[in-house]
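The structure appears below as structure tokens.
Both backbone and side-chain heavy atoms feed into the values below; hydrogens, waters and symmetry mates do not.
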Amino acid sequence: MRDIQTELDDLCSTLASYPDCGRVTSAIPELARVDPKKFAIAVADLNGQTWSAGNAEEPFSIQSISKVFLLALSLGRLGDQLWERVGREPSGSAFNSIVQLEHEGGVPRNPFINAGALVVTDIVLGRREPREAIGEILQFVRAVSEDDSIFVDDNVANSEARFSHRNASLAHFLAAHGNLTNSVERVIGTYVHQCAIAMSCRQLARSGLFLAHGGVNPASGSQILSAKRARRINALMMTCGHYDGSGDFAFRVGLPGKSGIGGGILAIVPGKASLCVWSPGLNQQGNSQLGTLALERLAHAAGWNVFGS
């Protein structure tokens with residue numbers, strides 16, 4: 001591959017004129033106003049180097065990418081007992097499917113669909129006030145990215161809270177099956193605030209390095225979680241990180257990845273690097289359209305593929 005910076009600059013330039021950049025989400029009014037032509041990409045490696053192009057310093061709403069960090073926290077709290085409340089299989093359905101949850105008796109298929117993320121949020125919340133749990137989540141994200149400027153965008157959180165009827169329905173269904181310990185209101189309040197964490201591509205790329213390095217933050221040397229759990233999170237990102245588009249992402253990109261409806265994608269190159277791309281326009285599965293294309297082209301150029309070059 002050519003040097004990484006040249007590759008990112010060329011990707012940014014080429015995709016700027018791409019005819020179809022997808023559609024910005026309409027599910028959250030605050031996000032519906034984001035310019036669909038925004039584009040950013042960043043690469044962080046285990047040696048502490050970072051390369052970026054486009055709007056890579058502009059914070060955006062990470063949305064469901066936050067589920068990766070919540071899963072790490074919940075595994076630290078419950079360990080393998082977590083899997084008694086949420087499964088580990090791909091969903092093959094939309095990220096907010098109610099039908100699947102009903103069919104499977106209130107046990108979500110995996111921790112990355114919305115129902116599963118609500119269970120994980122309930123675990124992290126525990127017996128504390130939502131404000132305390134949100135503080136812990138934010139502190140964790142700041143620690144793994146080594147950047148204290150990361151914040152929760154209250155405008156996005158409030159916008160999402162006003163239109164959380166479907167997630168509330170999922171939460172009520174979980175509660176009806178005894179799979180929530182907190183009230184629906186407390187879980188939803190915590191959930192929308194974790195999704196409203198705002199980060200730039202550069203920050204998000206750095207935050208994923210512990211998953212590329214066996215659970216260790218390569219900058220500080222601190223053990224964030226065990227190598228075994230890091231591998232398991234990467235496995236779930238590969239099989240479930242893009243909802244009913246996970247198979248296509250694995251086929252095209254070949255890396256563990258987690259998307260969010262804010263248009264971001266975090267991808268991991270085990271043993272080498274962490275990647276982030278942001279393009280707000282989404283495809284039919286709710287994943288970044290140009291973001292997926294950018295990662296496909298970058299992974300191909302660099303030979304980054306867990307299935308071999």
Side-chain angles (χ1 to χ4, degrees), residues 20-40 54-70 93-98 101 112-118 120-121 125 130-131 133-134 137-138 141 149-174 183-201 203-204 241-245 258-266 276-292:
D20 182 12
C21 62
R23 295 187 176 183
V24 175
T25 182
S26 60
I28 302 172
E30 192 71 19
L31 296 186
R33 294 196 284 268
V34 177
D35 181 357
K37 295 190 179 300
K38 296 279 189 181
F39 181 85
N55 307 105
E57 299 298 329
E58 181 175 338
F60 64 93
S61 184
I62 70 170
Q63 290 296 307
S64 288
I65 299 173
S66 66
K67 297 172 184 177
V68 174
F69 306 120
L70 267 290
S93 300
F95 61 88
N96 56 0
S97 172
I98 294 177
L101 184 61
F112 291 151
I113 56 174
N114 285 17
L118 290 168
V120 173
T121 298
L125 179 56
R131 186 187 331 164
I134 294 162
I137 296 164
L138 189 57
V141 175
S149 68
I150 295 166
F151 64 99
V152 173
D153 188 328
D154 289 329
N155 290 331
V156 172
N158 293 334
S159 180
E160 186 169 357
R162 289 195 299 272
F163 293 89
S164 283
H165 308 302
R166 194 175 186 90
N167 281 336
S169 297
L170 290 169
H172 279 293
F173 203 91
L174 290 165
S183 70
V184 168
E185 293 74 20
R186 286 164 60 89
V187 173
I188 292 293
T190 306
Y191 178 77
V192 300
H193 280 83
Q194 80 187 42
C195 288
I197 291 174
M199 299 175 69
S200 70
C201 257
Q203 291 169 327
L204 199 46
H242 281 70
Y243 313 117
D244 48 333
K258 183 71 196 82
S259 66
I261 63 168
I265 301 175
L266 173 66
C276 179
V277 65
W278 173 50
S279 179
L282 309 178
N283 60 22
Q284 290 185 341
Q285 288 76 39
N287 305 311
S288 176
Q289 180 133 302
L290 293 190
T292 302

Show me, pair by pair, the donor-acceptor contacts under 3.5 angstrom made by side chains of residues 32-40, not counting sequence neighbours?
{"unit_1": "Arg33", "atom_1": "NH2", "unit_2": "Glu30", "atom_2": "OE1", "d": "2.5"}
{"unit_1": "Asp35", "atom_1": "OD1", "unit_2": "Lys37", "atom_2": "N", "d": "2.9"}
{"unit_1": "Lys38", "atom_1": "NZ", "unit_2": "Glu58", "atom_2": "OE1", "d": "3.1"}

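Asn167 is not listed as a side-chain neighbour of Val192, based on a closest heavy-atom distance of 4.5 Å or more. Inter-residue side-chain proximity for Phe60 and Pro280 is flagged as unmet; no heavy-atom pair is nearer than 4.5 Å. For the pair Lys67/Val120, no side-chain contact is recorded, criterion being any heavy-atom separation below 4.5 Å from C-beta on.
The CG atom of Leu170 lies 6.5 Å from the CG atom of Asn114; values are rounded to the nearest 0.5 Å. The OG atom of Ser200 sits 7.5 Å away from atom CD1 of Ile150, with the distance rounded to the nearest 0.5 Å. Between the CG atom in Leu282 and the CG atom in Leu290 there is a gap of 10.5 Å [rounded to 0.5 Å]. Here the CZ-OG1 distance, from Arg186 to Thr121, works out to 13.0 Å after rounding to the nearest 0.5 Å. Rounded to the nearest 0.5 angstrom, Ile65 CD1 and Leu204 CG are separated by 5.0 Å. Atom NZ in Lys258 sits 7.5 Å away from atom CG in Asn287 (nearest 0.5 Å).
Applying the ring pair (Phe, Tyr, Trp, His ring centres under 6.0 Å) test to Phe69 and every residue at least two apart in sequence or in another chain returns nothing. In terms of the side chain to side chain donor-acceptor pair (under 3.5 Å) criterion, residue partners of Ser149 (sequence neighbours excluded) are, by chain and number, Asp147, Gln203. Qualifying salt bridge (Lys or Arg N to Asp or Glu O under 4.0 Å) partners for Glu57, counting only residues two or more places apart in sequence or in other chains: Arg202. In this structure Arg162 satisfies the side-chain contact (heavy atoms from CB on, under 4.5 Å) test together with Asn158, Ser159, sequence neighbours excluded. Remark: Ser169 engages Ile98 in a side-chain contact (heavy atoms from CB on, under 4.5 Å) (not counting sequence neighbours). Here Ala171 pairs with Leu118, Leu180, Val184, Ile188 under the side-chain contact (heavy atoms from CB on, under 4.5 Å) rule; sequence neighbours left out. With sequence neighbours excluded, no residue forms a side chain to side chain donor-acceptor pair (under 3.5 Å) with Ser279. Residues that satisfy the side chain to side chain donor-acceptor pair (under 3.5 Å) test with Gln285, not counting sequence neighbours, are absent from this structure. Remark: Asp153 pairs with no residue by the side chain to side chain donor-acceptor pair (under 3.5 Å) rule, at least two apart or across chains. Residues that satisfy the side-chain contact (heavy atoms from CB on, under 4.5 Å) test with Ile265, not counting sequence neighbours, are His242, Phe249, Ser259, Val277, Ser288, Thr292, Leu295. With sequence neighbours excluded, no residue forms a ring pair (Phe, Tyr, Trp, His ring centres under 6.0 Å) with His193.
When all heavy atoms are compared, the tightest approach of Ile261 to Gly286 is CG2-O, 3.9 Å. Contact between Ala115 and Leu101 at its shortest, heavy atoms only, is CB-CD2, 4.0 Å. The heavy-atom pair separating Gly264 from Trp278 by the smallest distance is N-CD1, 3.9 Å. Smallest separation of non-hydrogen atoms from Ala27 and Pro29: O-CD, 3.9 Å.
Donor-acceptor pairing under 3.5 Å is lacking for the side chains of Ser164 and Tyr191.
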Would Gln63 and Leu31 satisfy side chain to side chain contact (heavy atoms under 4.5 Å, CB included), going step by step from the backbone distance to the final call? CA-CA 10 Å; Gln63 290 296 307; Leu31 296 186; 4.0 Å; yes
